[in-house]
2 protein chains.
Amino acid sequence: MPGHLARRFHQISNALFDLETREAGLSLTPIQYAALLTVRDNPGIDQATLAGLIAYDRTTIGGVVDRLVEKGLIARRTSDTDRRAKLLTLLDEGESTLAIADPIVRRAQENLVQGLEPAEVEQLMKLMEKVVESMGSVSRSGR
Amino acid sequence: MPGHLARRFHQISNALFDLETREAGLSLTPIQYAALLTVRDNPGIDQATLAGLIAYDRTTIGGVVDRLVEKGLIARRTSDTDRRAKLLTLLDEGESTLAIADPIVRRAQENLVQGLEPAEVEQLMKLMEKVVESMGSVSRSGR
DNA sequence: TACTGATGATCAGTATGCGCACTAAATGTC
DNA sequence: GACATTTAGTGCGCATACTGATCATCAGTA
């Protein structure tokens with residue numbers, strides 16, 4: 001049952017992330033971290049584009065951004081050229097949080113595949129990428 | 001980023017499941033299906049054991065069972081020997097729902113990996129299993 | 001310019017998914 | 001048999017996820 005394995009794999013990945021970040025006193029979810037990263041690499045991005053980049057659901061992203069704004073990690077302001085769009089920028093607080101989180105997240109990722117040989121990790125990633133690429137449109141959720 | 005791939009893979013798996021079941025007029029989530037299956041194969045199982053078997057969280061299983069009971073697919077009764085435990089049994093309605101769902105779920109699973117060669121599917125499953133086995137205890141959530 | 005269609009965001013509703021705390025009941029120990 | 005510990009379920013709270021609907025705004029066109 002590939003579906004069940006997919007669920008377990010994801011579940012373990014999240015559990016490791018929570019473990020590591022919590023231990024470090026960070027209050028960040030995997031999703032929030034990914035969003036933060038993407039905002040840093042794309043300053044002034046709007047929510048819809050952000051959602052598209054990481055394959056989020058458009059509705060979900062609202063809440064995620066809400067919480068990041070509440071924590072003072074990013075800023076959300078209405079675009080001058082398109083008054084529908086909300087543009088996101090990383091704040092200093094977000095920058096420093098990312099600096100702390102980066103090595104922790106890297107360690108969590110390493111722990112996830114620590115049962116595999118490096119060559120196997122390579123293989124696994126390649127195969128998962130292939131699946132995601134071939135079926136990615138099913139869940140792109142452009143809506 | 002293995003974590004991100006894990007998330008995408010799981011997301012796509014769920015999306016395919018929803019697509020297929022919805023098309024067939026079924027109102028079942030992947031979780032509900034897994035629970036139903038496990039109850040069929042283990043009549044009279046209690047919720048905690050069920051949760052352990054499929055690596056659910058103890059809290060989550062309550063809601064899942066609630067909805068399955070509401071739909072008339074399974075029955076929940078208090079155990080005679082242990083008045084804390086709630087024993088679960090598949091009802092006729094659940095049996096017939098599973099009969100309809102089984103081929104649909106199989107198709108969804110096949111679609112998920114349709115971009116891979118059979119040998120690659122084998123590889124992918126083996127590697128994911130290895131990861132889950134080596135790290136499974138992190139999220140067993142015995143709590 | 002008035003109209004149509006597309007787009008960004010939000011809201012309501014449903015379902016996971018998990019931590020924490022609590023009750024009730026069972027079990028182990030003295 | 002009294003008591004501490006463990007265990008099964010549940011309640012509460014928070015954070016994804018996604019569908020469907022709605023609102024405001026923007027862009028293209030007649």
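Below, chain A is the first sequence line, B the second, and so on; all start at residue 1.
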Just the rounded figure in Å: distance from [atom2] of [N] to [atom1] of [X].
{"X": "B:Leu87", "N": "C:dA25", "atom1": "CG", "atom2": "P", "result": "15 Å"}
{"X": "B:Leu28", "N": "C:dT16", "atom1": "CG", "atom2": "P", "result": "10 Å"}
{"X": "B:Leu50", "N": "D:dG9", "atom1": "CG", "atom2": "P", "result": "9 Å"}
{"X": "A:Ile61", "N": "D:dC18", "atom1": "CD1", "atom2": "C1'", "result": "13 Å"}
{"X": "B:Asp66", "N": "D:dG9", "atom1": "CG", "atom2": "C1'", "result": "11 Å"}
{"X": "A:Asp80", "N": "D:dT25", "atom1": "CG", "atom2": "P", "result": "15 Å"}
{"X": "B:Asp82", "N": "D:dT6", "atom1": "CG", "atom2": "C1'", "result": "12 Å"}
{"X": "B:Gln47", "N": "D:dA8", "atom1": "CD", "atom2": "C1'", "result": "8 Å"}

Phosphate contact ([N] OP1 or OP2) by [X] side-chain N/O below 4.0 Å:
{"X": "A:Arg76", "N": "C:dT10", "value": "yes"}
{"X": "B:Arg83", "N": "C:dT27", "value": "no"}
{"X": "A:Arg84", "N": "D:dT22", "value": "no"}

Atom pairs, N/O to N/O, protein against nucleotides 13-17 of chain D, distance under 3.5 Å?
unit_1 : atom_1 : unit_2  : atom_2 : d
D:dT16 : OP1    : A:Thr29 : OG1    : 2.7
D:dT16 : OP2    : A:Gln32 : NE2    : 3.0
D:dT16 : OP2    : A:Arg67 : NE     : 2.9
D:dT16 : OP2    : A:Arg67 : NH2    : 3.1
D:dT16 : O5'    : A:Arg67 : NH2    : 3.3
D:dA17 : OP2    : B:Arg7  : NE     : 3.1

- Main-chain N/O of A:Gly52 paired to A:Arg58 side chain as donor or acceptor, under 3.5 Å: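 A pair under 3.5 Å: no.
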Any sub-3.5 Å donor-acceptor pair from A:Thr49's side-chain atoms to A:Ile45's backbone N or O?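 No, A:Thr49 side chain to A:Ile45 backbone: no donor-acceptor pair under 3.5 Å.
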Does D:dA24 have a Watson-Crick or wobble partner in any strand here, with both distances under 3.5 angstrom, and which is it?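 The answer is C:dT7, by the H-bond criterion.
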Notebook entry, point to check: Going by the side chain to side chain donor-acceptor pair (under 3.5 Å) test, which pairs reach into residues 88-98 of chain A, not counting sequence neighbours?
Noted result: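 As it turns out, the side chain to side chain donor-acceptor pair (under 3.5 Å) pairs with a partner in residues 88-98 of chain A, which skip direct neighbours, are A:Arg77-A:Thr89.
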Distance-only check: which donor-acceptor pairs under 3.5 Å involve side-chain atoms of residues 63-72 of chain B, not counting sequence neighbours?
unit_1  : atom_1 : unit_2  : atom_2 : d
B:Asp66 : OD1    : B:Arg76 : NH2    : 2.4
B:Lys71 : NZ     : B:Ser27 : O      : 2.7
B:Lys71 : NZ     : B:Gln32 : OE1    : 2.7

For residues 35-44 of chain B, dump all side-chain donor-acceptor pairs below 3.5 Å to protein atoms at least two apart in sequence or in another chain.
unit_1  : atom_1 : unit_2  : atom_2 : d
B:Thr38 : OG1    : B:Ala34 : O      : 2.8
B:Asn42 : ND2    : B:Thr38 : O      : 2.8

Who passes ring pair (Phe, Tyr, Trp, His ring centres under 6.0 Å) against B:His10, sequence neighbours left out?
->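 Applying ring pair (Phe, Tyr, Trp, His ring centres under 6.0 Å) to B:His10 gives A:His10.
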Distance-only donor-acceptor hits, side chain of residues 105-114 of chain B, under 3.5 Å, sequence neighbours excluded:
unit_1   : atom_1 : unit_2  : atom_2 : d
B:Arg107 : NE     : B:Glu20 : OE1    : 3.1
B:Gln109 : OE1    : A:Gly3  : N      : 3.0
B:Asn111 : ND2    : B:Glu20 : OE2    : 2.8

Looking at every strand, decide which applies to A:Thr49 at a 4.0 Å heavy-atom threshold: base, sugar-phosphate, or nothing.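 The answer is nothing, as A:Thr49 stays clear of every strand by at least 4.0 Å.
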Q) Closest nucleotide of DNA chain C for A:Asp46 versus for A:Arg22: which of these residues is on the 5' side? A)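 It is A:Asp46, whose closest nucleotide lies nearer the 5' terminus.
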